[in-house]
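Reminder, nothing fancy here: chain letters follow the sequence lines and each chain counts from 1.
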Number of protein chains: 2
Amino acid sequence: MTLHDSPKHNHKHCVNTALAMAQQLCLERGVQLTPIRYQVLELIWASHKAVKAYELLEQVKPLQMAAKPPTIYRALEFLSEQGLIHRVESLNAFIGCRCSNAPHEQLLLICKNCQEVEERTAPKVMQALSEEFNDAGFIVHSKAIEIHGLCSQCAVQL
Amino acid sequence: MTLHDSPKHNHKHCVNTALAMAQQLCLERGVQLTPIRYQVLELIWASHKAVKAYELLEQVKPLQMAAKPPTIYRALEFLSEQGLIHRVESLNAFIGCRCSNAPHEQLLLICKNCQEVEERTAPKVMQALSEEFNDAGFIVHSKAIEIHGLCSQCAVQL
DNA sequence: ATAGTGAATGTTACAGTATAACAAATGAGA
DNA sequence: TCTCATTTGTTATACTGTAACATTCACTAT
Ligand SMILES: [Zn+2]
Ligand SMILES: [Zn+2]
Ligand SMILES: [Zn+2]
Ligand SMILES: [Zn+2]
């Protein structure tokens with residue numbers, strides 16, 4: 001059982017919220033959440049595990065006969081630009097983002113056992129990072145903070 | 001001009017120190033810093049820019065006629081295990097590590113302009129991260145903290 | 001000496017990840 | 001209708017990484 005299989009977690013709610021917010025945001029921004037893009041987002045939200053592009057491709061094919069790698073990568077690029085998903089650099093994979101309404105830092109806790117990824121805001125970490133950049137005279141464009149280990153659920157099980 | 005081209009920076013010293021330390025550490029640990037591994041390490045230390053595996057392959061070929069992808073990836077795996085280099089996840093590339101004598105956290109500042117990567121210890125950040133993990137009940141195995149932006153040198157130039 | 005061992009390397013083939021380039025379709029406005 | 005921009009289709013290819021097995025080499029136990 002993973003963190004998000006637990007009875008406490010209503011994943012349907014996660015999905016509905018995420019998809020509704022995506023539609024709302026795209027409407028506000030005047031960008032198109034086309035069927036392909038929507039399907040890819042839905043597939044990514046099927047779980048809290050990071051999903052690989054070619055896994056998505058296989059899953060999309062039954063729905064989109066013509067799906068080829070560019071089909072998926074274009075959808076991923078769009079969703080990423082809109083902040084609806086994040087790329088997990090250390091896994092070559094993608095996860096849905098809960099907090100898409102505003103650009104935000106991301107700290108990803110990646111479980112080696114259940115493969116689930118939890119995104120956290122971690123303001124104290126971000127504050128400490130800012131100080132580090134100032135010391136170094138470094139101007140930040142983007143951050144990828146990816147921590148691998150065992151989530152709380154898996155930690156007690158093993 | 002990059003951070004490490006500046007007159008203040010004696011890169012020969014960087015290289016000599018890194019290679020000498022690598023030899024010393026491998027001796028102490030009873031592992032073999034073979035010619036191939038040494039050459040790859042030397043090539044990585046040719047600059048402070050992150051280097052890609054297939055770039056290394058091209059550069060190694062004149063020295064190692066038989067070099068094929070596994071040649072490079074094996075050397076990279078060894079150097080990585082010994083903490084002599086780090087993989088930059090968000091670039092699929094590698095950089096030399098200055099502080100190989102002890103296992104350590106790594107915070108990488110990656111310049112989009114000059115491609116140089118600076119590794120920092122950032123104890124305050126690591127402390128804040130630890131607190132974050134405790135809150136989340138997460139058990140850490142490894143961290144990849146990669147910050148993209150402009151280094152101090154490039155920031156003033158642009 | 002010689003046969004066995006483990007570590008490193010050679011070699012072939014392939015799996016997995018991602019993008020370039022151009023063509024076709026779609027849809028909204030002039 | 002025509003035009004333009006956006007999206008999607010299509011083909012091909014580039015880039016990144018590994019599996020699997022053969023060979024070499026140095027060291028050691030017989
Ligand atoms: Zn959920
Ligand atoms: Zn887990
Ligand atoms: Zn240097
Ligand atoms: Zn720079």
Base versus backbone protein contacts along nucleotides 6-23 of chain D [heavy-atom cut-off under 4.0 Å; B, S, -]
SSBBBB----BBBBB---
At a heavy-atom distance below 4.0 Å, which nucleotide of DNA chain C is the first touched by chain A, and which is the last?
dT17(C) to dA21(C)
Do the side chain of Arg98(A) and the main chain of Cys14(A) share a donor and acceptor less than 3.5 angstrom apart?
no
Under 6.0 Å between ring centres, would you say that holds for His141(A) and His148(B)?
no
Is there a side-chain contact between Val117(A) and His48(A) (heavy atoms, below 4.5 Å)?
no
Does Tyr54(A) belong to the same Ile/Leu/Val/Met/Phe/Trp/Tyr cluster as Val51(A), with side-chain heavy atoms less than 4.5 Å apart forming each link?
yes
Hydrophobic clustering (ILVMFWY, side-chain heavy atoms < 4.5 Å, transitive) - are Ile95(B) and Val15(B) grouped together?
no
Please examine the side chains of Glu89(B) and Val88(A), heavy atoms only from C-beta on, and report whether any two atoms are closer than 4.5 Å.
no
Might you confirm whether atom NZ of Lys124(B) has over 12 heavy atoms from other residues, nucleotides or ligands at distances under 6.0 Å?
no
